[in-house]
Number of protein chains: 2
Amino acid sequence: MSEQPKYRQLADALRREIVNGIYPPGARLPSESELSTRFDASRNTVRNGLKLLVSEGLVTSSQGLGYEVRSHEVFELNASRFENLTFQQNGDSYTTDVTNAGRRPHQTFRVEMKPAPEDIAERLRIEVGSTTVLRFCHRYVDDVPWSTQATYYPGWLTEQAPRLSEPGDIAEGTTRYLAGHDIEQVGYFDEIATRMPTPDEARLLEIGAGVPVLLWTRTGYSKDKRIRCTITTFRGDLNRMQYEIGDLSARNEVL
Amino acid sequence: MSEQPKYRQLADALRREIVNGIYPPGARLPSESELSTRFDASRNTVRNGLKLLVSEGLVTSSQGLGYEVRSHEVFELNASRFENLTFQQNGDSYTTDVTNAGRRPHQTFRVEMKPAPEDIAERLRIEVGSTTVLRFCHRYVDDVPWSTQATYYPGWLTEQAPRLSEPGDIAEGTTRYLAGHDIEQVGYFDEIATRMPTPDEARLLEIGAGVPVLLWTRTGYSKDKRIRCTITTFRGDLNRMQYEIGDLSARNEVL
DNA sequence: CTGTTGAGCTTGTTGGTACAAGCTCGATGA
DNA sequence: TCATCGAGCTTGTACCAACAAGCTCAACAG
């Protein structure tokens, strides 16, 4: 027996073949029993090796179907544009260029009133249990789940901005809509975390076990009040976030 | 048989007992054979359940010793404190933050010269393969691995700031040291990503294969040049990043 | 022609066994 | 006294077997 246990050798061999393109993204790996004969190992040992690759996010497994090599095309999200967010992939913005490039973004909304949970109440500086407007947003690109978003607005905002609590999209964007009703967001702070998805998130984002999610919590405030808190859940394997901070004018010179 | 498979029920039960403090951090779990009789399951099933907890980062296992409950205190990292750097008396923000949190920081350094790899060269706007100073830094909090960091500096910097390429800590912090040699960082942009750890990272950070890592790439620039690129790898389960953007003076009023 | 069923593939779960390898600690021997 | 060894615990690796559950697709019945 060589130094490395057999299941690791198996995983290393398969990993090599995957990164070398022998099994490209979307391809199916040989079945456990095939690998079992190829590597002269029991099915348990094969499963141990494959479990490594799944946990690395290289492949997914599904009952009845087999093991599939995951694609790893990365979208970049610039989070520090103060005015507006642009979702980008390879330089294409989500709202315009993606459409032009033949990609079809779409999003669905759901609105409800909900008593503020503890973490939200703390961020919005309101009482736990007080009324909030909760706007859900599910985003897709080419019908592939992209992100799920939950935005909480303190209830008092609806007096000035009633459309917040009405169902449906706000075409001009909520930031602009609020600004038009004398509620201007002058800053925000973000919290970013990562963890493995809950079963619900895995289902909504259609990701298998072994793929982390990126959690992005943005709390925005006006001159004198906190006006919203947005929690966005991304597929961690397909997203990067970017922040630009400091003297941005100088950055242009060093681009 | 109930809906959930037995190994998940087992993991759920143990997880509950861990978060409820029945098994506090540092405690040993019962051995596999004890759990086997307690849950009336085979050792394979027990191992499947424990593997879940290990991959969640809740416990570690070591051959001959058993399963130990890990500590799981979350650390918050403010990544946007650009102006505050000026007011720091000594040391870098890591040392300051950790000490302020009442915990014990500890870091080791390693310095080498290395030809610029492609991704670094692109970020530093230098030729691929040109000389860079690479400073590694492993950081611990209370002797628990916290992050590994690799900072690339373009080679020309050493003419103005020779201590960069010398081994050992730069006590006042590299940002301050560089500023003292007329190299002032006026801004930076960050990229944040998450993925599952490579085997090397899992070993260095002492995390299980199921704990995602948080990748933080910061590219800093002076008035006319890009001066460094830092890639930091964090344990994703114990870290959150925070950014504050916009009119920070207004934020003070709504704190 | 269409809808259903089931054979035959896949992975998922659970049980068992055996031995290797790492750690602790008491017994043993110099 | 002190170093060494080994019994006895722990987890790690590897094998086997059986059945459950999900998917595909061809054969079949209506």
Side-chain angles (χ1 to χ4, degrees), chain A residues 1-14 18 23 26-70 196 199 202-203 206-211, chain B residues 1-14 18 23 26-70 199 202-203 206-210:
Chain A
M1 177 77 70
S2 64
E3 24 185 280
Q4 282 273 326
K6 196 185 276 190
Y7 75 98
R8 284 192 182 279
Q9 294 179 26
L10 184 148
D12 291 342
L14 286 178
I18 288 173
Y23 299 113
R28 280 255 318 267
L29 290 188
S31 72
E32 291 177 353
S33 63
E34 286 179 80
L35 293 173
S36 176
T37 60
R38 170 180 161 191
F39 288 98
D40 188 31
S42 75
R43 194 179 151 219
N44 266 340
T45 303
V46 171
R47 284 177 66 79
N48 271 337
L50 287 171
K51 202 172 290 183
L52 273 185
L53 300 183
V54 170
S55 82
E56 291 169 17
L58 242 63
V59 303
T60 57
S61 71
S62 38
Q63 198 170 348
L65 279 173
Y67 292 83
E68 183 176 326
V69 179
R70 297 182 55 89
M196 302 314 287
R203 185 175 43 77
E206 291 178 14
I207 52 181
V211 178
Chain B
M1 178 75 70
S2 65
E3 25 183 279
Q4 283 274 326
K6 198 185 274 190
Y7 76 100
R8 284 192 181 278
Q9 295 179 27
L10 184 147
D12 291 343
L14 287 178
I18 288 173
Y23 298 113
R28 281 256 317 269
L29 289 188
S31 72
E32 291 177 351
S33 63
E34 286 179 80
L35 293 172
S36 176
T37 60
R38 170 179 161 192
F39 288 99
D40 188 31
S42 74
R43 195 178 152 220
N44 265 342
T45 303
V46 171
R47 284 177 65 79
N48 271 338
L50 287 170
K51 202 173 290 183
L52 270 186
L53 299 183
V54 170
S55 82
E56 291 169 14
L58 240 59
V59 303
T60 56
S61 70
S62 37
Q63 198 169 350
L65 278 174
Y67 291 83
E68 184 175 327
V69 179
R70 295 178 62 94
R203 186 174 42 78
E206 291 178 16
I207 54 180

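To find a chain, count down the sequence lines: A is the first, B the second, and so on, and within it residues start at 1.
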Nearest whole Å is fine: how far is [N] [atom2] from [X] [atom1]?
| X | N | atom1 | atom2 | result |
| --- | --- | --- | --- | --- |
| A:R28 | C:dT11 | CZ | C1' | 10 Å |
| A:L50 | C:dT10 | CG | P | 13 Å |
| B:N48 | D:dT11 | CG | P | 15 Å |
| B:Y67 | D:dC9 | OH | P | 18 Å |
| B:F39 | C:dT14 | CZ | C1' | 16 Å |
| B:Q4 | C:dT14 | CD | C1' | 15 Å |
| A:R47 | D:dC16 | CZ | C1' | 15 Å |
| A:L65 | D:dC25 | CG | P | 10 Å |

Reading nucleotides 16-21 of chain C from 5' to 3' and marking B where a protein heavy atom lies under 4.0 Å of the base, S where only the sugar-phosphate is that close, and - otherwise, the string is B-B-BB

### Query
Are the side chains of B:V59 and B:L14 in touch, meaning some heavy atoms are under 4.5 Å apart?
no

**B:L58 vs B:V69 side-chain heavy atoms within contact, under 4.5 Å** = no

One should read off an interatomic distance between B:R38 CZ and B:L10 CG, to the nearest 0.5 angstrom, of 7.5 Å

Interatomic distance, OG@A:S61 vs CG@A:L65, rounded to 0.5 Å, equals 10.0 Å

Determine all donor-acceptor pairs shorter than 3.5 Å in which one atom belongs to a side chain in residues 45-54 of chain B; sequence neighbours excluded.
{"unit_1": "B:T45", "atom_1": "OG1", "unit_2": "B:S42", "atom_2": "OG", "d": "3.2"}
{"unit_1": "B:R47", "atom_1": "NH1", "unit_2": "B:E32", "atom_2": "OE2", "d": "2.8"}

Side-chain contact check for B:T45: nearest option of D:dG12, C:dT13, C:dG15 is C:dG15

Open item on the list: Please determine whether a side-chain nitrogen or oxygen atom of B:S61 lies at a distance below 4.0 Å from atom OP1 or OP2 of D:dG12.
Closed with: yes

Is a side-chain N or O of A:K6 found less than 3.5 angstrom from the main chain of A:D40, in a donor-acceptor match? yes

Any stem touching DNA chain C, meaning at least three consecutive Watson-Crick or G-U pairs under 3.5 Å, ordered by first number, would be C:1-30 with D:1-30

